[in-house]
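Throughout, protein chains are lettered first and strands after them, A, B, ... in sequence-line order, and every chain is numbered starting at 1.
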Protein chains: 2
Amino acid sequence: MTDHVDLVLEQWGAERPDLDVSPMAVIGRLKRLSRLIDAETRRTFGAHGLDPASFDVLATLRRSGPPYRLTPAALMRAAMVTSGAITQRLDRLEARGLVTRTPSESDGRVVHVALTDEGGALLDRVLPDHLATESRLLAALGKTDQDALADTLRNVLESLGDTRE
Amino acid sequence: MTDHVDLVLEQWGAERPDLDVSPMAVIGRLKRLSRLIDAETRRTFGAHGLDPASFDVLATLRRSGPPYRLTPAALMRAAMVTSGAITQRLDRLEARGLVTRTPSESDGRVVHVALTDEGGALLDRVLPDHLATESRLLAALGKTDQDALADTLRNVLESLGDTRE
DNA sequence: GAAAAGTATCTCACTGCTAAGAGATTGGCT
DNA sequence: AGCCAATCTCTTAGCAGTGAGATACTTTTC
């Protein structure tokens with residue numbers, strides 16, 4: 001069977017046979033799959049009145065465990081976005097009462113972002129649906145393939161410096 | 001070794017041991033890797049005065065072969081973006097003289113987008129650098145692993161309906 | 001051959017991100 | 001103690017995308 005990227009590779013092979021375009025077989029597919037995943041998960045979040053960015057913040061707080069509180073800097077690193085993006089995400093979530101911002105007592109530069117009961121409850125409602133969507137997206141692969149895929153991706157991420165924290 | 005997603009999985013395991021979060025091992029990594037790839041390739045394009053969106057259009061035209069001409073609708077499908085995004089990309093590229101827009105003679109609804117000599121020359125300058133960047137991003141994997149990864153990703157893409165055209 | 005359905009492109013309001021930098025605070029160094 | 005570099009959060013301008021829909025043209029159906 002062949003997918004869109006196979007067509008792309010054939011086209012390059014015909015037009016630029018002098019170049020080795022084999023990295024595109026992986027990177028091109030990662031990009032396309034990423035877009036598909038994004039579109040699908042966006043629908044799931046939308047059904048609960050959320051967008052991927054808001055879900056990401058709520059989930060990061062939720063999985064950090066009690067007291068469900070992190071700094072904007074920690075959220076920024078977890079989400080791989082700029083500080084400006086986090087400020088805006090928090091503005092939206094705070095306006096909806098899903099998180100609170102409190103100045104730190106020990107460090108005047110720092111703010112503590114905490115999940116409200118409402119925010120936590122909303123996340124717990126969305127999470128099972130989200131996991132079902134993710135699972136459906138990977139349904140074509142058996143458990144062994146999924147594990148192998150995760151391992152391979154971890155190797156690449158580690159080589160690029162994506163470590164814990 | 002462990003990466004950021006391993007930490008995420010551990011956290012969910014502690015906070016919500018009732019849920020099966022294993023799909024995140026794959027999907028979470030795809031998302032993070034995609035962001036890293038995007039940031040890196042953006043730098044390569046930037047060195048040539050391009051952005052990923054512009055490169056994408058130029059490359060799609062270039063690999064389509066002579067006469068290096070496609071419709072906005074074809075570009076839209078290849079890039080997986082909305083028609084509005086393509087219109088804006090073409091506005092920018094046309095203003096820089098990298099593509100031309102000509103109304104179709106056989107179908108009044110259709111426009112032909114063609115690569116100019118300048119656009120083709122620019123793409124041919126960027127492409128080797130871009131391939132080098134992609135290759136570097138995957139340097140941690142051997143050829144066998146890369147092939148296996150490409151195969152697995154193709155399986156998933158096909159299962160989601162990502163076919164040739 | 002006229003009406004209805006479909007297709008292609010573009011427009012526009014809105015959203016969310018980045019890049020650059022400002023302002024405030026902290027901690028290490030001398 | 002005092003200074004300087006580093007850190008943290010927020011601000012702002014600008015950019016690129018989406019979603020909904022307008023417009024124009026073509027094809028199908030009766």
For DNA chain D, which residues in residues 66-76 of chain A have a heavy atom at a distance below 4.0 Å?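 Per residue number, the list reads A/Thr71, A/Pro72, A/Ala73.
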Is there a path of hydrophobic side-chain contacts, each under 4.5 Å between heavy atoms of I, L, V, M, F, W or Y residues, that connects A/Leu7 with A/Leu9?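 A/Leu7 and A/Leu9: separate clusters.
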Could you check how far [atom1] of [X] sits from [atom2] of [N], rounded to whole Å?
{"X": "A/His112", "N": "D/dC10", "atom1": "NE2", "atom2": "P", "answer": "13 Å"}
{"X": "A/Asp38", "N": "D/dA16", "atom1": "CG", "atom2": "P", "answer": "19 Å"}
{"X": "B/Arg101", "N": "C/dA8", "atom1": "CZ", "atom2": "C1'", "answer": "13 Å"}

A/Tyr68: partners by ring-ring contact (aromatic ring centres under 6.0 Å, His included), with sequence neighbours left out: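 With sequence neighbours excluded, A/Tyr68 shows a ring-ring contact (aromatic ring centres under 6.0 Å, His included) to no residue whatsoever.
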Distances under 3.5 Å between protein N/O atoms and the N/O atoms of nucleotides 1-3 of chain C, please, pair by pair.
none

Between A/Asp51 and A/Ser54: side-chain donor-acceptor atoms closer than 3.5 Å: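 Their side chains do contain a donor-acceptor pair, which is all the 3.5 Å distance test asks for.
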Pick out which of B/Leu19, B/Asp20, B/Ile27 makes a side-chain contact (heavy atoms from CB on, under 4.5 Å) with A/Leu131.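 It is B/Leu19; the other options fail the test.
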[X]: what forms a side chain to side chain donor-acceptor pair (under 3.5 Å) with it, not counting sequence neighbours?
{"X": "B/Thr44", "result": "B/Thr133"}
{"X": "B/Arg125", "result": "none"}
{"X": "B/Glu94", "result": "B/Arg101"}
{"X": "B/Arg29", "result": "B/Asp3, B/Asp6"}

Measure the spacing between CG of A/Leu50 and CG of A/Leu98 and express it to the nearest 0.5 Å.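 Answer for the CG-CG pair, A/Leu50 versus A/Leu98, is 7.0 Å.
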Given A/Asp162, which partner from the list B/Arg32, B/Arg35, B/His4 fulfils the side chain to side chain donor-acceptor pair (under 3.5 Å) test?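 Single pass found, and it is B/Arg32.
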Using the test side chain to side chain contact (heavy atoms under 4.5 Å, CB included), find all partners of B/Gln146 that sit at least two apart in sequence or belong to another chain.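 So B/Gln146 forms a side chain to side chain contact (heavy atoms under 4.5 Å, CB included) with A/Val26, B/Leu138, B/Leu141.
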Partners of A/Ser34 by side chain to side chain contact (heavy atoms under 4.5 Å, CB included), sequence neighbours excluded?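 B/Ser34.
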Any side chain to side chain donor-acceptor pair (under 3.5 Å) involving residues 109-118 of chain B? Give me the pairs, sequence neighbours left out, ordered by first then second residue.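 For residues 109-118 of chain B, and leaving out neighbouring residues, the side chain to side chain donor-acceptor pair (under 3.5 Å) pairs sorted by first residue read B/Asp107-B/Arg109.
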Measure the angle between the two terminal helix axes of the helix from C/dG1-D/dC30 to C/dT30-D/dA1, five base pairs each, and quote it to 10°.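 About 20°, once rounded to a multiple of 10°.
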List the protein contact pattern of nucleotides 16-24 of chain C with one symbol per nucleotide (5' to 3'): B for base contact, S for sugar-phosphate-only contact, - for none; contact means a heavy-atom distance under 4.0 Å. SBB------
